[in-house]
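Contents: one structure, followed by commentary.
Treat the numbers as computed from the prediction; the structure is a model and nothing was measured. Values below: all heavy atoms of this structure, side chains included; hydrogens, waters and symmetry mates excluded.
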Amino acid sequence: MSSSPVARHLDEVRQRIAKAAADASREASLVALLAVSKTFPAEDVRAAFDAGQRAFGENYVQEAVAKIAELADLRSEIEWHFIGPLQSNKTKVVAENFDWVHSVDRLKIAQRLSEQRPDGMAPLNVCLQVNVSGEESKSGVAPEEALALARQIVALPFLRLRGLMAIPEPAGTLDEQRVPHRRLREIMDTLRADGLELDTLSMGMSADIEAAILEGATMVRIGTAIFGARDYSN
Ligand SMILES: *Cc1c(COP(=O)(O)O)cnc(C)c1O
């Protein structure tokens, strides 16, 4: 049987996840794979779909909406996740087109997403993005403000708060990579101890899948290792 490069890369990523889960004595089936297709064409998403992948992540609203439209025939089977920075003027399009948003870091954005979620659609799944790397990164709520913001978000009617997301600064060794992922998991533990019912730790990218899974990731967001290096020149 011939297989596409995307299908082969997906297999390799699934094997990395399985090995990391085994090393962590965790069930591999409890680590969901989000394929990050930003900058790649609809045909690559279709190739991944044909290889069994169902959840896809996008960062840029316009690009994503065009791709979702091109893949309308697969809409009921694909889960679309918005993972990029989100401005107020784009919340409506995101609320109308996506199943998940991982990058909520302000109450105002969450309120708009809830208000703009169309009638008849399931509540929008959201993760709170937490800044676990300090000043280096501008996105994400500060760790000490995560609990207060989470409590406000769970009160919004058309959102379902699922958990936390982080984009740690790149780090060298496995042990160094584990530090910010552990931080995010500890914040999640604090929120759960407060009574919030959260099931999603969205962390781990192509370079640090293993560190994230060792620290408890339940969803890894993988682009490069599946689709190849991104070209931003267009
Ligand atoms: C692009 C992106 C990814 C994927 O990163 P890779 O290193 O290509 O795997 C994951 N998460 C977010 C938020 C991204 O923007």
Side-chain angles (χ1 to χ4, degrees), residues 1-24 26-60 63-64 67 71 74 78-85 98-100 102-103 127 129 132-133 137 139 163-182 184-185 200-234:
M1 218 176 87
S2 67
S3 65
S4 66
V6 166
R8 274 184 277 116
H9 293 155
L10 256 178
D11 254 353
E12 289 163 11
V13 168
R14 289 173 184 143
Q15 282 167 31
R16 275 176 75 183
I17 292 171
K19 170 149 195 327
D23 289 347
R26 298 183 55 207
E27 197 70 60
S29 64
L30 299 181
V31 183
L33 172 57
L34 181 65
V36 177
S37 45
K38 64 176 180 231
T39 78
F40 289 94
E43 65 202 49
D44 287 348
V45 173
R46 204 176 281 280
F49 181 91
D50 289 341
Q53 180 63 29
R54 292 293 178 270
F56 292 89
E58 290 283 339
N59 288 55
Y60 312 106
E63 178 199 341
K67 219 175 284 182
L71 296 163
L74 307 180
I78 287 185
E79 212 173 64
W80 287 104
H81 294 236
F82 188 79
I83 63 174
F98 284 83
D99 302 297
W100 283 69
H102 292 227
S103 44
C127 291
Q129 183 176 348
V132 288
S133 300
S137 142
S139 314
L164 304 180
M165 181 274 242
I167 312 173
E169 288 295 303
T173 67
L174 181 69
D175 281 344
E176 287 164 356
Q177 290 177 355
R178 288 179 69 160
V179 174
H181 293 109
R182 187 176 314 135
L184 191 69
R185 196 228 316 139
T200 303
L201 255 185
S202 166
M203 59 185 192
M205 308 184 6
S206 295
D208 56 12
I209 301 184
E210 288 79 10
I213 291 175
L214 285 167
E215 293 298 343
T218 67
M219 195 180 292
V220 292
R221 309 179 308 267
I222 310 302
T224 310
I226 296 173
F227 297 106
R230 287 181 289 275
D231 175 0
Y232 287 99
S233 60
N234 302 314

Please evaluate residues Gln53 and Ile78 with respect to the criterion side chain to side chain contact (heavy atoms under 4.5 Å, CB included), reporting the C-alpha separation (whole Å), side-chain torsions for both, the decisive distance (0.1 Å), and the verdict. CA-CA 8 Å; Gln53 180 63 29; Ile78 287 185; over 6 Å; no
Run the numbers on Thr173 and Asp175 for side chain to side chain donor-acceptor pair (under 3.5 Å), then give the verdict. CA-CA 5 Å; Thr173 67; Asp175 281 344; 5.5 Å; no
Which distance, rounded to the nearest 0.5 Å, do you find between the [atom1] of [X] and the [atom2] of [Y]?
| X | Y | atom1 | atom2 | answer |
| --- | --- | --- | --- | --- |
| Thr200 | Leu34 | OG1 | CG | 11.0 Å |
| Thr218 | Glu27 | OG1 | CD | 14.0 Å |
| Asn59 | Ser103 | CG | OG | 8.0 Å |
| Asp44 | His9 | CG | NE2 | 11.0 Å |
| Tyr232 | Arg230 | OH | CZ | 4.0 Å |

Measure the acute angle between the ring planes of Phe56 and Trp80, then classify it against the limits of 30° and 60° as parallel, tilted or perpendicular.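 Tilted, since the angle between the ring planes falls between 30° and 60°.
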Using the six-membered ring wherever Trp is involved, compare the ring planes of His81 and His102 and label them parallel, tilted or perpendicular (cut-offs 30° and 60°).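 Ring orientation, 0 to 90° scale: tilted.
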So which heavy atom on [X] is nearest to which on [Y], and how close?
| X | Y | value |
| --- | --- | --- |
| His181 | Pro168 | NE2-CG, 3.7 Å |
| Ser206 | Ile222 | OG-CG2, 3.5 Å |
| Ala28 | Ile17 | O-CG2, 4.5 Å |
| Ala211 | Gln177 | CB-CB, 3.5 Å |
| Gly216 | Leu201 | O-CD1, 3.5 Å |
| Ile83 | Met165 | O-CE, 3.8 Å |

Is the shortest distance from a Lys or Arg side-chain nitrogen in [X] or [Y] to a carboxylate oxygen in the other one below 4.0 Å?
| X | Y | answer |
| --- | --- | --- |
| Asp50 | Arg46 | no |
| Glu63 | Lys67 | yes |
| Arg185 | Glu215 | yes |
| Arg14 | Asp11 | yes |
| Glu79 | Arg54 | no |

Report yes if the side chains of Pro180 and Glu169 come closer than 4.5 Å at any heavy-atom pair, otherwise no. no
Answer yes or no: is there a side-chain heavy-atom contact under 4.5 Å between Val220 and Val13?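 Contact flag for Val220/Val13 side chains = no.
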Should Met203 and Asp208 be marked as a side chain to side chain contact (heavy atoms under 4.5 Å, CB included) after you check the CA-CA gap, both sets of side-chain angles, and the distance that decides it? CA-CA 9 Å; Met203 59 185 192; Asp208 56 12; over 6 Å; no
Is there a side chain to side chain contact (heavy atoms under 4.5 Å, CB included) between Asp99 and Phe82? Walk through the geometry before answering. CA-CA 8 Å; Asp99 302 297; Phe82 188 79; over 6 Å; no
Between Arg221 (side chain only) and Ser202 (backbone N and O only), is there a donor and an acceptor less than 3.5 Å apart? yes
Is there a donor-acceptor contact under 3.5 Å from the side chain of Ser4 to the main chain of Ala7?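 Yes; at least one donor-acceptor contact below 3.5 Å.
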Between Leu10 and Leu33, does the side chain to side chain contact (heavy atoms under 4.5 Å, CB included) criterion hold? Intermediate values first, please. CA-CA 10 Å; Leu10 256 178; Leu33 172 57; 3.7 Å; yes
